[in-house]
**Q** 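Once you've had a glance at the structure underneath, I'll fire off some questions.
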Amino acid sequence: MLLLSHYIRKMPADTTCHQFCVGATKAIRLHYLWRFPVKRMKEHPEERLCASVIIYSRLRREVWMVGDCQCLIGGEYFDNPKPYEQELAEMRVAKVRELLAQGVPQKDLLKQKDPAREVMIPSMLEVMQNQNVTYAVVDGFPIPESKVRVLPLDFQKWQIVFASDGYPKITDTLEETEQLLDYQRQTDPLNIGTFKATKAFVEGNNSFDDRTYIRFEV
């Protein structure tokens, strides 16, 4: 995140989506050259520095979605989810329900080491072999630009909301979005109901994943 933030602050205002993908990849790759063996990073995608990013280009009037982020544009919802994410979530949910049926207390499934998530991890690591093959992220290796979602905007006035995937549902206000997240935490902290996730709300946390929310008008 810090490396990408630094790169984005320095890149020219007229940067294209293609130029961003190439430049951001280079910024991370240069970091590897100083600190990590590139050969190992190539063979082990699960060890790479990795981030999703969503950008609005003011000059090009485009939204670029690299990885699993979400947004509202004029109230219309858009996302760019990782493939297999739902299958992994279903795998974890099935194990959670099995453990609950066996009498395992819910509180034991909300600890830092979630036994249901542990069952899913090998499959998740296998899926990560497809990183920047079947889905796009910024990780220092070439980004398949066909997996980057580009949303062009016309020149009318737009209200835009950008958010990370740590919110089950986003709305036009941060307050309501946070309220919906808290409702999810209170009613289904295991995330095994209508909303299924690869993580639960760990005991003591007010979210199940990192979250970012920004609203602006163009």
Side-chain angles (χ1 to χ4, degrees), residues 1 4 28 41 44-54 65-72 77-102 104-141 143-144 147-149 161-171 177-213:
M1 180 274 290
L4 280 176
I28 304 300
M41 294 296 100
H44 295 274
E46 73 277 5
E47 295 182 9
R48 298 175 191 168
L49 300 178
C50 179
S52 297
V53 61
I54 182 168
M65 306 178 79
V66 186
D68 53 347
C69 38
Q70 52 184 336
C71 68
L72 294 174
Y77 179 76
F78 300 90
D79 66 355
N80 191 33
K82 292 177 183 175
Y84 325 115
E85 187 83 1
Q86 199 55 43
E87 288 88 342
L88 291 172
E90 293 286 357
M91 184 182 299
R92 176 188 157 271
V93 167
K95 187 61 180 179
V96 169
R97 289 175 175 165
E98 178 186 326
L99 292 170
L100 290 172
Q102 292 172 1
V104 177
Q106 176 174 286
K107 63 181 179 62
D108 290 351
L109 300 176
L110 295 174
K111 293 181 178 177
Q112 287 287 346
K113 191 166 184 178
D114 176 355
R117 183 172 167 81
E118 293 294 313
V119 170
M120 184 199 72
I121 294 296
S123 295
M124 185 173 72
L125 293 177
E126 186 177 334
V127 164
M128 290 176 74
Q129 297 301 314
N130 291 314
Q131 193 165 292
N132 272 338
V133 179
T134 60
Y135 64 94
V137 292
V138 182
D139 69 354
F141 289 82
I143 297 170
K147 309 299 181 184
V148 175
R149 190 165 190 181
V161 172
F162 285 173
S164 66
D165 64 345
Y167 288 110
K169 182 177 175 60
I170 56 174
T171 73
T177 301
E178 284 284 338
Q179 287 173 351
L180 290 171
L181 178 69
D182 190 57
Y183 179 79
Q184 176 68 24
R185 181 182 64 82
Q186 293 181 45
T187 59
D188 179 24
L190 291 170
N191 289 330
I192 62 172
T194 304
F195 173 73
K196 299 178 176 67
T198 58
K199 302 174 185 176
F201 287 79
V202 173
E203 192 173 33
N205 290 359
N206 62 5
S207 183
F208 63 93
D209 207 346
D210 61 281
R211 65 196 195 274
T212 300
Y213 180 105

**Q** Rounded to the nearest 0.5 Å, how far does CE of Met91 lie from CD1 of Ile121?
**A**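 Reported value, rounded in 0.5 Å steps: 10.5 Å.
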
**Q** NZ/Lys82 to OH/Tyr135 distance, rounded to the nearest 0.5 angstrom?
**A**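 Rounded to the nearest 0.5 Å, the NZ-OH separation comes to 5.0 Å.
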
**Q** Quick one: pull up OH in Tyr167 and CG in Asp210 and give me the separation to the nearest 0.5 Å.
**A**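 Between atom OH of Tyr167 and atom CG of Asp210 there are 10.0 Å.
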
**Q** Run Glu46 and Gln129 through side-chain contact (heavy atoms from CB on, under 4.5 Å) and show every step you take.
**A** CA-CA 8 Å; Glu46 73 277 5; Gln129 297 301 314; 3.5 Å; yes

**Q** Go through the steps to decide whether Leu99 and Asp108 satisfy the test side-chain contact (heavy atoms from CB on, under 4.5 Å), and finish with yes or no.
**A** CA-CA 10 Å; Leu99 292 170; Asp108 290 351; over 6 Å; no

**Q** Out of curiosity, Asp114 CG to Glu203 CD, how far, rounded to the nearest 0.5 Å?
**A**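 Reported value, rounded in 0.5 Å steps: 12.5 Å.
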
**Q** Considering non-hydrogen atoms only, spot the tightest contact between Pro83 and Val127 and give its length.
**A**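 So the two residues come closest at O-CG1, 4.5 Å.
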
**Q** With side chains defined as the heavy atoms from C-beta onward, is the minimum distance between Pro168 and Phe208 less than 4.5 Å?
**A**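 The answer is yes, as the side chains (C-beta and beyond) meet within the 4.5 Å cut-off.
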
**Q** Taking the side chain from Arg211 and the backbone from Glu178, do they hold a donor-acceptor pair closer than 3.5 Å?
**A**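 No: the side chain of Arg211 does not pair with the backbone of Glu178.
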
**Q** Donor-acceptor pair, distance only, cut-off 3.5 Å: does the side chain of Asn80 make one with the backbone of Cys69?
**A**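 Not confirmed, Asn80 side chain does not pair with Cys69 backbone.
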
**Q** How long is the straight-line distance from NZ of Lys169 back to CD of Gln179, given to the nearest 0.5 Å?
**A**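 Between atom CD of Gln179 and atom NZ of Lys169 there are 13.5 Å.
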
**Q** How many angstroms lie between CD in Glu90 and CD in Glu85, if you round to the nearest 0.5 Å?
**A**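 So the CD of Glu90 and the CD of Glu85 are separated by 11.5 Å.
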
**Q** Is the backbone N or O of Thr198 less than 3.5 Å from a side-chain atom of Asn191, with the two atoms forming a donor-acceptor pair by type?
**A**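 No; zero donor-acceptor contacts below 3.5 Å.
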
**Q** Begin from the C-alpha positions of Glu118 and Lys95 and carry the test salt bridge (Lys or Arg N to Asp or Glu O under 4.0 Å) through to its verdict.
**A** CA-CA 10 Å; Glu118 293 294 313; Lys95 187 61 180 179; over 6 Å; no

**Q** Strictly distance-based, threshold 3.5 Å: is any side-chain N or O of Ser52 a donor or acceptor partner for the main-chain N or O of Asp68?
**A**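 Checked: pair present.
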
**Q** Going by heavy atoms in the side chains, are Ile170 and Phe162 under 4.5 Å from each other?
**A**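 SC-SC contact between Ile170 and Phe162 ruled out.
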
**Q** Would Met124 and Arg117 count as a side-chain contact (heavy atoms from CB on, under 4.5 Å) if you check the C-alpha gap in whole Å, the side-chain angles of each, and the deciding distance to 0.1 Å?
**A** CA-CA 10 Å; Met124 185 173 72; Arg117 183 172 167 81; 3.8 Å; yes

**Q** Do Leu181 and Phe201 touch side chain to side chain, with heavy atoms closer than 4.5 Å?
**A**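 In contact.
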
**Q** Which pair of heavy atoms, one from Cys50 and one from Gln131, lies closest together, and at what distance?
**A**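 It is SG-NE2, 4.0 Å.
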
**Q** Of all heavy-atom pairs between Pro144 and Ala136, which one has the smallest distance, and what is that distance?
**A**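 That closest heavy-atom pairing would be O-CB, 4.2 Å.
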
**Q** Please identify each residue that fulfils side chain to side chain donor-acceptor pair (under 3.5 Å) with Arg149, with sequence neighbours left out.
**A**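 Counting only residues at least two positions away or on another chain, Arg149 forms no side chain to side chain donor-acceptor pair (under 3.5 Å).
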
**Q** Would you indicate whether Glu98, at its atom CD, is surrounded by more than 12 heavy atoms from other residues, nucleotides or ligands within a distance under 6.0 Å?
**A**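 Yes, CD of Glu98 has more than 12 neighbouring heavy atoms, counting only those of other groups under 6.0 Å.
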
**Q** Around Tyr183, counting heavy atoms of other residues, nucleotides and ligands shown, do more than 12 lie under 6.0 Å from its OH?
**A**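 At most 12 heavy atoms, drawn from other residues, nucleotides or ligands, come within 6.0 Å of this atom.
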
**Q** Is there a donor-acceptor pair closer than 3.5 Å between any side-chain N or O of Ser164 and the backbone N or O of Thr212?
**A**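 Here the side-chain-to-backbone pair exists.
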
**Q** Mind listing the closest non-hydrogen atom pair of Thr177 and Thr171 along with its distance?
**A**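 Looking at all heavy atoms of both residues, the shortest contact is OG1-N, 3.0 Å.
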
**Q** For Phe141, does its backbone N or O pair with a side-chain atom of Asp139 as donor and acceptor, under 3.5 Å?
**A**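 Here the side-chain-to-backbone pair exists.
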
**Q** Of all heavy-atom pairs between Arg92 and Met120, which one has the smallest distance, and what is that distance?
**A**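 Heavy atoms only, the tightest pair is CB-SD, 4.0 Å.
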
**Q** Which heavy atom of Val96 sits nearest to which heavy atom of Leu109, and what is that distance?
**A**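 Smallest heavy-atom distance, with atoms named: CG1-CD1, 3.9 Å.
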
**Q** Would you check if Asn206 and Asp182 make a side-chain contact, meaning some heavy-atom pair closer than 4.5 Å?
**A**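 SC-SC contact between Asn206 and Asp182 ruled out.
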
